[in-house]
Structures are given as structure tokens and as C-alpha cells.
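What follows is a set of notes on a single structure, which appears directly below.
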Amino acid sequence: SHLGGTSLTMIPSLPTTPKSPDYEAPRPPHPTEIAERRRFPSHLTERDPTIDTSSFDVTPTEVEIQGMMMTDKLLSLSQNKLKSCIREGIDPLARHFMWFYLICGTRLKDEDGECLEDELESEQEVLWHGHVPQKEADMHVHVPDFGGAVALLHSHPLSESGEIIVKRLLCLLQASHPSITYCPMLPDLTAVLLALHKNDGMVFHQIKRIIKRSRTDEFYLPLSGERFICHVESLDTLL
């Protein structure tokens with residue numbers, strides 16, 4: 001064969017260094033190692049000494065610290081670059097930190113966890129007078145579906161107790177926001193956030209922030225049948 005009109009036999013071979021008898025060829029990386037390198041770039045996962053963990057109620061794990069570092073780096077990007085990264089998918093390590101920031105506008109590490117728990121407990125005190133039901137039969141109220149499908153909560157990665165927590169949160173949301181007449185995404189959204197954060201106080205806080213924003217931005221999350229139809233029609237137009 002020829003390369004650019006020149007026979008390959010005319011190209012001089014490169015000098016080679018003779019291998020010693022003890023030479024051992026490098027082991028090729030295992031496919032899982034390659035996947036890990038792609039998933040966790042070194043500049044995002046190396047321990048950052050600037051993160052002060054003394055202010056945390058519970059010392060974060062190495063994985064959580066890596067997630068916070070990745071979140072900080074994402075938030076330092078320009079708005080257009082950040083949108084692009086979000087559309088491509090947020091790494092699982094940083095996902096719940098980023099979601100919290102995008103919903104609440106504050107970093108998770110800056111939130112007072114006890115305050116979020118107190119916020120939830122006060123709402124539960126009003127509805128159940130201090131007795132937090134551990135079974136649906138003990139709720140003594142109809143679990144609202146907001147037009148969605150509460151019966152399909154098992155399709156989310158939740159335990160049986162996790163499903164009960166979602167139903168409790170839905171009851172609290174209906175009690176504190178009786179004006180919500182139709183919001184079929186609410187049961188699934190609550191379940192997804194609980195599966196992500198595994199903390200009912202944090203989930204309740206985020207859902208309330210979403211609802212608050214939806215009062216002024218009706219296309220953020222439609223809270224009535226009329227707004228939901230407008231929402232769907234707008235999406236159809238975009239598609």
C-alpha cells in the first residue's frame with residue numbers, strides 16, 4: 001500500500017529500546033476502571049482542603065464531600081454552560097446538592113437541618129396533634145393524589161415506610177395548601193425527592209418552595225386543571 005504516493009516500505013522504522021528480561025507489560029485498565037475515571041474526573045474528586053466540615057451537625061462522608069465539591073464547580077460555570085451540563089445530566093454524586101440549590105436557591109450545606117425538621121414537625125402537630133401515623137390506616141384523612149397516581153408509588157425506589165412518608169407529606173401539603181386543585185406531578189415529584197434526599201423535612205421544604213414559586217410563575221408547576229392544560233398546550237407548541 002502507499003501513503004501519499006510513498007511506499008510504506010520506504011518509511012524507516014523507529015529505533016526500539018531492548019526490553020530487559022524482567023520487563024512486564026503494563027496491565028490494561030479494567031473496563032470498570034475506565035468507567036470510574038470518566039464518571040469521576042480527578043479535578044472534581046480530589047479532596048478539597050478548603051471545605052470546612054466543622055460546621056456540619058454530622059461529619060459528611062468522603063462521597064458527600066466530593067458531591068459538594070462538584071456542585072461548587074458546577075455553580076461556578078456561566079449560566080449557559082451550567083444549563084448545558086444540567087441537560088446532559090448531573091453526576092449522581094452531586095445530584096441532590098444541585099437539585100436542592102436549583103429549587104431553593106441556597107446550598108444544602110448552608111441549611112439548618114434542625115430548622116427544616118422543626119418546620120415539618122409543626123405542620124404534623126397541627127394535622128395529627130403530635131401522633132405521626134406510621135400506617136395509612138392511622139392517618140384518618142384521605143390521601144390526596146392531586147390528579148396523579150398515588151397507587152403507583154411502588155414504581156419509585158422506595159421502601160414501604162418510604163411510601164407512607166410520601167403519603168404523609170401529600171396530606172400535609174393538602175392541609176397547608178388547600179387551593180391546589182390539580183397537580184398530577186406532585187405525588188411523583190415528592191417520591192423522587194424523597195428517594196434522592198432520604199429526609200422528609202428536606203423534601204417538605206423543597207416542595208413548599210416549588211409551590212411558592214409556582215404562585216408567581218404559573219408555568220413552573222401548574223397547580224390547577226386550567227393551568228395544567230395551558231402547560232401541556234405550551235409544551236406541545238414547543239415540540
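Side chains included, hydrogens not; waters and symmetry mates left out as well; all remaining heavy atoms used.
Side-chain contact, R95 with T71: no donor N or O sits under 3.5 Å from an acceptor N or O.
S176 places a side-chain N or O within donor-acceptor distance of the main-chain N or O of L172, the cut-off being under 3.5 Å. Proximity of a side-chain donor or acceptor of W128 to a complementary backbone N or O of P133 within less than 3.5 Å is not detected. A donor-acceptor pair under 3.5 Å is absent between the side-chain atoms of E111 and the main chain of L108, judged by distance alone. A donor-acceptor pair is defined here as one N or O able to donate and one able to accept, closer than 3.5 Å; such a pair exists between the side chain of S224 and the backbone of R227.
A continuous path of ILVMFWY side-chain contacts below 4.5 Å connects L173 to I180, so both sit in one hydrophobic cluster. Grouping the Ile, Leu, Val, Met, Phe, Trp and Tyr side chains by contacts below 4.5 angstrom, directly or via other members, places V232 with L186. Tracing side-chain contacts under 4.5 Å through hydrophobic residues (I, L, V, M, F, W, Y), one never reaches M70 starting from L75; they form parts of separate clusters. Cluster membership check: V141 shares its hydrophobic cluster with V166, using side-chain heavy-atom separations under 4.5 Å among Ile, Leu, Val, Met, Phe, Trp and Tyr. Hydrophobic clustering (side-chain heavy atoms under 4.5 Å, transitive across Ile, Leu, Val, Met, Phe, Trp, Tyr) groups I207 together with L169.
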message = With salt bridge (charged side-chain N to carboxylate O under 4.0 Å, His left out) as the criterion, how do K167 and D145 come out once you've worked through the C-alpha distance, each side chain's angles and the decisive distance to 0.1 Å?
response = CA-CA 9 Å; K167 292 176 180 179; D145 58 15; over 6 Å; no
request  = List the steps, then state whether side-chain contact (heavy atoms from CB on, under 4.5 Å) holds for M98 with L82.
outcome  = CA-CA 11 Å; M98 277 299 300; L82 178 59; 4.0 Å; yes
Intermediate values then yes/no, side-chain contact (heavy atoms from CB on, under 4.5 Å), R213 and I103 = CA-CA 9 Å; R213 176 170 172 178; I103 292 172; over 6 Å; no
query = side-chain contact (heavy atoms from CB on, under 4.5 Å) between L77 and C85: does it pass, once the steps are laid out?
reply = CA-CA 9 Å; L77 300 174; C85 289; 3.8 Å; yes
ask   = Are V192 and W99 close enough, and set up right, to give a side-chain contact (heavy atoms from CB on, under 4.5 Å), and what steps lead you there?
value = CA-CA 11 Å; V192 168; W99 281 28; 3.6 Å; yes
ask   = Would R168 and T190 count as a side-chain hydrogen bond (donor to acceptor under 3.5 Å, both in side chains) if you check the C-alpha gap in whole Å, the side-chain angles of each, and the deciding distance to 0.1 Å?
value = CA-CA 11 Å; R168 284 206 306 257; T190 305; over 6 Å; no
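Atom CZ of F146 and atom CG of L189 lie 11.5 Å apart (nearest 0.5 Å). To the nearest 0.5 Å, atom CE of residue M69 and atom CG of residue L74 are 12.0 Å apart. The distance from the CD atom of E163 to the CG atom of L152 is 10.0 Å, given to the nearest 0.5 Å. H131 NE2 to D138 CG: the interatomic distance, rounded to the nearest 0.5 Å, is 5.0 Å. Note that the CD atom of E123 and the CD atom of E121 stand 11.5 Å from one another [nearest 0.5 Å]. Rounding to the nearest 0.5 angstrom, the gap separating the CZ atom in F100 from the CG atom in L196 is 11.5 Å.
The aromatic rings of H96 and H197 sit perpendicular, their planes meeting at an angle over 60°, well past the 30° parallel limit.
A salt bridge between E160 and K135 is absent, with no side-chain N of the basic residue lying under 4.0 Å from a carboxylate O of the acidic one. Classification of K212 and D217 as a salt-bridged pair fails, no side-chain N sitting under 4.0 Å from a carboxylate O.
With a 6.0 Å radius and a threshold of 12 heavy atoms from other residues, nucleotides or ligands, E119 has its CD atom above the threshold.
Minimum interatomic distance between A175 and L127 (heavy atoms only, all atoms of both residues): CB-CD1, 4.3 Å. When all heavy atoms of A195 and P157 are compared, the closest pair comes out as CB-CG, 3.9 Å. G225 and T181 make their closest contact through N-OG1, 4.1 Å (heavy atoms, listed as atom of the first residue, atom of the second, distance). C183 and P222 make their closest contact through SG-O, 3.4 Å (heavy atoms, listed as atom of the first residue, atom of the second, distance). Across M202 and L116, no two heavy atoms sit closer than the pair CA-CD1, 4.2 Å. The two atoms that bring S214 and Y220 nearest to each other are OG-CD2, 3.6 Å, heavy atoms only.
Taking the side chain as every heavy atom from C-beta outward, D72 and R107 approach each other to under 4.5 Å. With contacts defined as side-chain heavy-atom distances shorter than 4.5 Å, the pair I164/M139 qualifies. S179 places a side-chain heavy atom less than 4.5 Å from the side chain of R215. Side chains of H156 and L194 form no contact here, defined as non-hydrogen atoms less than 4.5 Å apart.
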